[in-house]
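The sequence lines fix the lettering, A, B, ..., with proteins before strands; numbering per chain opens at 1.
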Amino acid sequence: MADNAKLRFARAFAAGVPHNRALGIEILEFTEDAVLFKLPYDEKLVGHPDTGTLHGGAITALLDGASGAAVFAALTEMVPIATLDLRIDYLRPAEANQAVLARATCYKITKHVAFTRAVAYHDDGSSQETSLRSAIAHSVGTFMVSTRGGPK
Amino acid sequence: MSLVDDLAAAKAAGDYQRFIDTVPYARFLGLTAALVGDELVTSMRFGDHLIGNPALPALHGGTLGALLESAAIFELLWRAETIVLPKTITLTIDYLRSGGAVETHARGIVTRQGKRVANLRMEAWQADRSTPVATAHAIFLVMR
């Protein structure tokens, strides 16, 4: 099906992004409704050497990457996109030695603009709802759809 | 030594880079910091691992966000009389143009310093400071 080919292409594109690869990001789910990214714990991403907590910047990059991928997944045809803005609320520090998951959704897409929400959290083995209650960060973003060589 | 002790020693020696190098993620990004006049400018060396869109090529938006957040935190740590590690409450990034495959600079400006909360705005630029690639604002918890 054309849709599956489009999703496969978008997923491969997201997986091939050099910075996503440098962070060790794995794509666990990739559908038109939501994408799920996994950032494995890695000492090179630590922001607080005393506690082993990941740097907020790594969480920012995870949420930005997952949100962009959610827009790609929601597009009806593959066109370039560009982030307009991203707001991140940091709810609590990530635990040392634990992977961080990010679930992103593109909840509205118009001809020119896409709107996203994303949550970063630890998978503690409980239900997703419970995991989200102990979320690490929450973000909302907007993206320009169909850019040619850059935003706007 | 704890991070706060490291920072106090780095400040006493006027060697900010020594502090940055104790943070693994700052080394991963390739961050450096230097006083330019009385401005603390944080820079991110270009590396292929920072690319988000290989076709342009353009920096990953997350790396610009991390640079902007770091510039704000370094500004707070550098200016503060007593060292408290700021905790980011919220960060909002406006992406103005795609970041090219070159070194990127950033600085943070304190718009309000309170006892519990500090507000900053930040900007990031590449070759031409008058055309920033991204701006941001952030709120930090600065209580012990």
Q: Take the angle between the ring planes of Tyr25(B) and His55(A) and call it parallel below 30°, perpendicular above 60°, tilted in between.
A: parallel
(Q) Could you measure the distance from the CZ atom of Arg21(A) to the NE2 atom of His60(B)? Nearest 0.5 Å is fine. (A) 13.0 Å
Q) With a 4.5 Å heavy-atom cut-off, do Thr60(A) and Leu91(B) have their side chains touching? A) yes
**Q.** Other residues, nucleotides, ligands: >12 heavy atoms within 6.0 Å of Arg11(A) CZ
**A.** yes
(Q) Hydrophobic cluster membership, with links at side-chain heavy-atom distances under 4.5 Å among I/L/V/M/F/W/Y: are Val41(B) and Leu67(B) in one? (A) no
Q) Under a single-linkage definition using a 4.5 Å side-chain heavy-atom cutoff for Ile, Leu, Val, Met, Phe, Trp and Tyr, are Trp125(B) and Leu31(B) assigned to the same hydrophobic cluster? A) no
**Q.** Contact check, side chains of Tyr95(B) and Leu86(A), non-hydrogen atoms, under 4.5 Å
**A.** yes
Q) When rounded to the nearest 0.5 angstrom, what distance separates CG in Asp94(B) from OG1 in Thr83(A)? A) 11.0 Å
Q | Most contacts with chain B, counted as non-hydrogen pairs under 4.5 angstrom, among Ser139(A), Pro49(A), Gly68(A), Gly65(A) | A | Pro49(A)
**Q.** Nearest heavy atoms of Ala66(B) and Gly57(A), plus distance in Å
**A.** CB-CA, 3.6 Å
Q: Identify whether Leu35(B) and Val110(B) are in the same connected component of the hydrophobic contact network (ILVMFWY, side-chain heavy atoms under 4.5 Å).
A: yes
Q) Given the options Ala137(A), Ala58(A), Gly56(A), which has more heavy-atom pairs under 4.5 Å with chain B than any of the others? A) Ala58(A)
Q: Of all the heavy-atom pairs spanning Pro18(A) and Asp48(B), show the shortest one and how long it is.
A: CB-O, 3.6 Å
Q: Look up atom CD1 in Ile93(B) and atom CG in Asp64(A), then write down how far apart they are to the nearest 0.5 Å.
A: 7.0 Å
**Q.** Same apolar cluster (I L V M F W Y, side chains within < 4.5 Å links), Val84(B)/Phe74(B)
**A.** no
Q: Say whether Leu63(A) and Val140(A) are linked into one hydrophobic cluster, either directly or through other cluster members, by side-chain heavy-atom distances under 4.5 angstrom.
A: no
Q: Look up atom CG in Asp85(A) and atom CG in Leu96(B), then write down how far apart they are to the nearest 0.5 Å.
A: 10.5 Å
Q. When you look at CD of Glu26(A), are more than 12 heavy atoms from neighbouring residues, nucleotides or ligands closer to it than 6.0 Å?
A. yes
Q | Residue pair Tyr90(A) / Ile89(B), side-chain heavy-atom distance below 4.5 Å | A | no
Q: Counting only heavy atoms closer than 4.5 Å, note whether Leu85(B) contacts chain A via side chain, backbone, both or neither.
A: side chain
(Q) The test is side-chain contact (heavy atoms from CB on, under 4.5 Å); show your working for Leu50(B) and His19(A) and say whether it passes. (A) CA-CA 5 Å; Leu50(B) 304 180; His19(A) 190 62; 4.2 Å; yes
Q: Look at atom OH of Tyr107(A) and say whether more than 12 heavy atoms of other residues, nucleotides or ligands are closer to it than 6.0 Å.
A: yes
(Q) Counting only heavy atoms from other residues, nucleotides and ligands, does the tally under 6.0 Å from NZ of Lys44(A) exceed 12? (A) yes
Q) Once you round to the nearest 0.5 Å, how far does CG of Leu45(A) lie from CZ of Arg27(B)? A) 11.5 Å
Q: Nearest 0.5 Å please: distance from the CD1 atom of Ile139(B) over to the CG atom of Asp89(A).
A: 9.0 Å
Q: Pick whichever of Gly61(B), Ala26(B), Pro57(B), Ala58(B) has the most heavy-atom pairs under 4.5 Å with chain A.
A: Gly61(B)
